[in-house]
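Whatever order the structure lists them in is the order used to number ligands and atoms, beginning at 1. Everything numeric in this text was worked out from a predicted model, so none of it was measured.
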Amino acid sequence: MAPILYWIRRDLRLSDNPALTWAKAQGRPIIPVFLLDQVVEGWGAAPRWRLGLGLEAHAAALEAVESRLTLRRGPALDTLRGLVAETGADTVVWNRLYTADERARDTEVKEALRGDGLTARSFNGHVLFEPWTVETGSGGFYRVYTPFWKNVRDRDPGETLAAPATIPAPEAWPETDALDDWDLGRAMRRGADVVAQHVHVGESSAQARLGAFIAHKIDGYDIARDMLAEDGTSGLSENLTYGEISARTCWHAGQRAMAEGKAGAETFLKEVVWRDFAHHLAYHTPHLTSGNWRPEWDAFPWRGDNAQAEAWRRGRTGIEVVDAGMREMYVTGRMHNRARMLVASYLTKHLMTHWRVGCDWFADCLIDWDPASNAMGWQWAAGSGPDAAPFFRIFNPETQGEKFDPKGRYRRRWVAELPGPENADALAFYDAIPRSWDMGPGDAYPTAPIVGLSEGRQRALDAYAQRDATE
Ligand SMILES: Cc1cc2nc3c(=O)[nH]c(=O)nc-3n(C[C@H](O)[C@H](O)[C@H](O)COP(=O)(O)OP(=O)(O)OC[C@H]3O[C@@H](n4cnc5c(N)ncnc54)[C@H](O)[C@@H]3O)c2cc1C
């Protein structure tokens with residue numbers, strides 16, 4: 001019986017996996033493969049390193065259901081064709097992805113394999129509602145989040161699918177690369193030990209995280225999610241981006257919590273839908289990840305990379321909450337959502353630096369990097385993206401810090417130079433950063449911000465007015 005190649009991408013899970021479920025239903029041998037292909041080769045240091053951990057955990061999960069993960073490196077189409085020739089497979093299946101480079105790869109693969117006379121099928125395993133299924137009254141796509149939410153909030157994404165107890169094996173397994181030979185952690189060599197203490201890898205870890213969040217945190221989520229020093233959110237972005245848990249599993253858990261009257265449940269559902277919205281935009285406006293979503297922003301005098309942006313990357317702007325956020329990301333591979341908004345606003349407005357500079361840095365540092373959510377978040381903060389607000393939003397990081405970190409706990413947790421008892425998290429920053437940064441806990445904290453808040457705000461407003469005048 002000809003085997004089925006199941007091409008794994010951002011879906012490192014067995015449960016609620018439509019491509020895998022379909023393959024299993026055919027009653028034929030299945031060969032799960034992951035490709036280090038042209039898209040994955042372009043990922044940043046932290047996402048690649050975290051991918052390696054995810055693949056290791058998923059390989060073990062596949063072994064537990066009598067299957068095996070085959071790893072291959074090379075362009076997707078050539079590599080899949082090679083595997084077809086080696087294994088005699090006549091079918092290739094996968095779960096769909098929506099950003100421009102992912103779609104270009106997948107379209108090429110699907111057309112070529114079908115041209116070869118094979119069956120090539122794709123499924124929805126990454127979002128709740130696929131981008132083309134959510135339409136405005138006039139049949140277009142949504143550019144603003146709230147009407148998007150209203151459209152989908154009462155829709156049913158379908159029941160979750162059970163994990164297979166076993167996956168039928170082929171008569172012979174194809175050769176596989178050794179994960180270690182891919183050296184996915186190469187660019188992370190110094191920071192990896194530090195970040196490793198903060199990751200939650202694999203499907204069972206993701207399920208446990210969701211369970212704990214629903215049991216203990218969702219009730220207080222509405223308020224706690226914005227407080228910088230609280231651990232008040234689900235932490236699931238890391239798992240969702242690698243598909244270690246499905247958005248649909250999170251959706252149903254949130255719906256059950258809402259039915260039980262848990263206070264923050266609807267807000268949680270809305271956040272999960274923000275993720276869908278990012279993929280909706282990435283599909284309908286593929287330039288979301290590469291250029292200004294609103295083309296009129298092409299006239300804004302963004303600066304390219306510069307010395308102040310470098311100080312921002314190193315958590316040395318002199319704005320405590322901004323520096324705390326940047327250092328949190330360096331140590332944990334994550335950053336509180338509120339801090340993401342503040343550091344992005346400071347870089348793009350006060351430092352007048354192009355959002356792409358920050359977006360690329362996040363893409364290199366985040367273990368929950370998601371190409372669509374990251375680009376949407378950056379463009380939203382910069383002003384060039386899908387924000388319904390009709391004004392030029394410039395956050396004041398100091399008043400935001402006072403509001404969302406009133407006791408300064410977040411700032412002291414991450415910035416070692418600030419007065420207060422020594423703490424391990426802040427010091428871990430110095431173990432995570434490259435030696436070439438030549439920074440140490442004995443350094444004095446900047447006595448003044450690299451760009452003052454009112455000065456930077458005025459400069460951004462003037463540039464914005466100028467942009468309007470030239471439109
Ligand atoms: C500049 C900037 C960059 C960002 N980059 C990323 C990124 O690369 N990857 C990423 O997953 N999120 C990104 N976000 C969104 C958000 O900050 C994270 O999803 C959130 O902090 C993850 O924490 P959590 O899992 O505890 O979220 P929770 O509050 O528990 O939310 C549950 C889930 O909803 C989704 N979600 C929540 N907020 C958003 C949002 N604003 N946009 C899209 N999805 C959301 C995530 O999948 C998250 O896991 C970015 C936001 C900004 C402002």
Carboxylate-amine/guanidinium proximity below 4.0 Å for R209 and E244: no
Heavy atom of G235, distance to ligand 1 below 4.0 Å: yes
Electrostatic pair R356:D360 at N-O distance under 4.0 angstrom: yes
From the candidates M341, R340, K270, the one that places a heavy atom nearest atom 13 (C) of ligand 1: R340
Top protein contact for atom 23 (O) of ligand 1, by heavy-atom distance: R334 NH2, 3.4 Å
Any F277 heavy atom less than 4.0 Å from ligand 1: no
Identity and separation of the nearest protein heavy atom to atom 49 (O) of ligand 1: S237 N, 3.0 Å
Sub-4.0 Å heavy-atom approach of W380 to ligand 1: no
Electrostatic pair D106-R96, nearest N-O below 4.0 angstrom: no
Nearest neighbour in protein (non-hydrogen) for atom 3 (C) of ligand 1: N374 OD1, 3.4 Å
Distance filter under 4.0 Å to L236 heavy atoms, resulting ligand 1 atoms: 25 (O), 49 (O)
Region of L240 engaging ligand 1 - heavy atom pairs below 4.0 Å: side chain
Donor-acceptor pair, side chain of T285 and main chain of L281, under 3.5 angstrom: yes
Salt bridge present between R413 and E328 (N-O < 4.0 angstrom): no
Side chain, backbone, both or neither: T241 near ligand 1, heavy atoms under 4.0 Å: neither
Protein residue, atom and distance nearest to atom 43 (C) of ligand 1, heavy-atom basis: S373 OG, 3.5 Å
Atom 35 (C) of ligand 1 [closest protein heavy-atom partner, distance rounded to 0.1 Å]: E271 O, 3.3 Å
Side chain, backbone, both or neither: the part of E238 lying under 4.0 Å from ligand 1 by heavy atom: neither
Cation-aromatic face contact R48/W43, 6.0 Å, 45 degrees: no
Atom 31 (O) of ligand 1 - nearest protein heavy atom and its distance: Y221 OH, 3.5 Å
Which residue and heavy atom of the protein sit nearest atom 30 (O) of ligand 1, plus the separation: S234 OG, 2.6 Å
Under-4.0 Å salt bridge between R412 and E417: no
Closest protein heavy atom (residue, atom, distance) for atom 15 (C) of ligand 1: N337 OD1, 3.9 Å
W7 six-ring face occupied by R9 cation (under 6.0 Å, within 45°): yes
Over 12 non-hydrogen atoms of neighbours within 6.0 angstrom of CZ in R459: yes
Partner of Y98 under side-chain hydrogen bond (donor to acceptor under 3.5 Å, both in side chains), chosen from H126, H284, E130: E130
From the candidates D276, D370, I367, the one that places a heavy atom nearest atom 8 (O) of ligand 1: D370
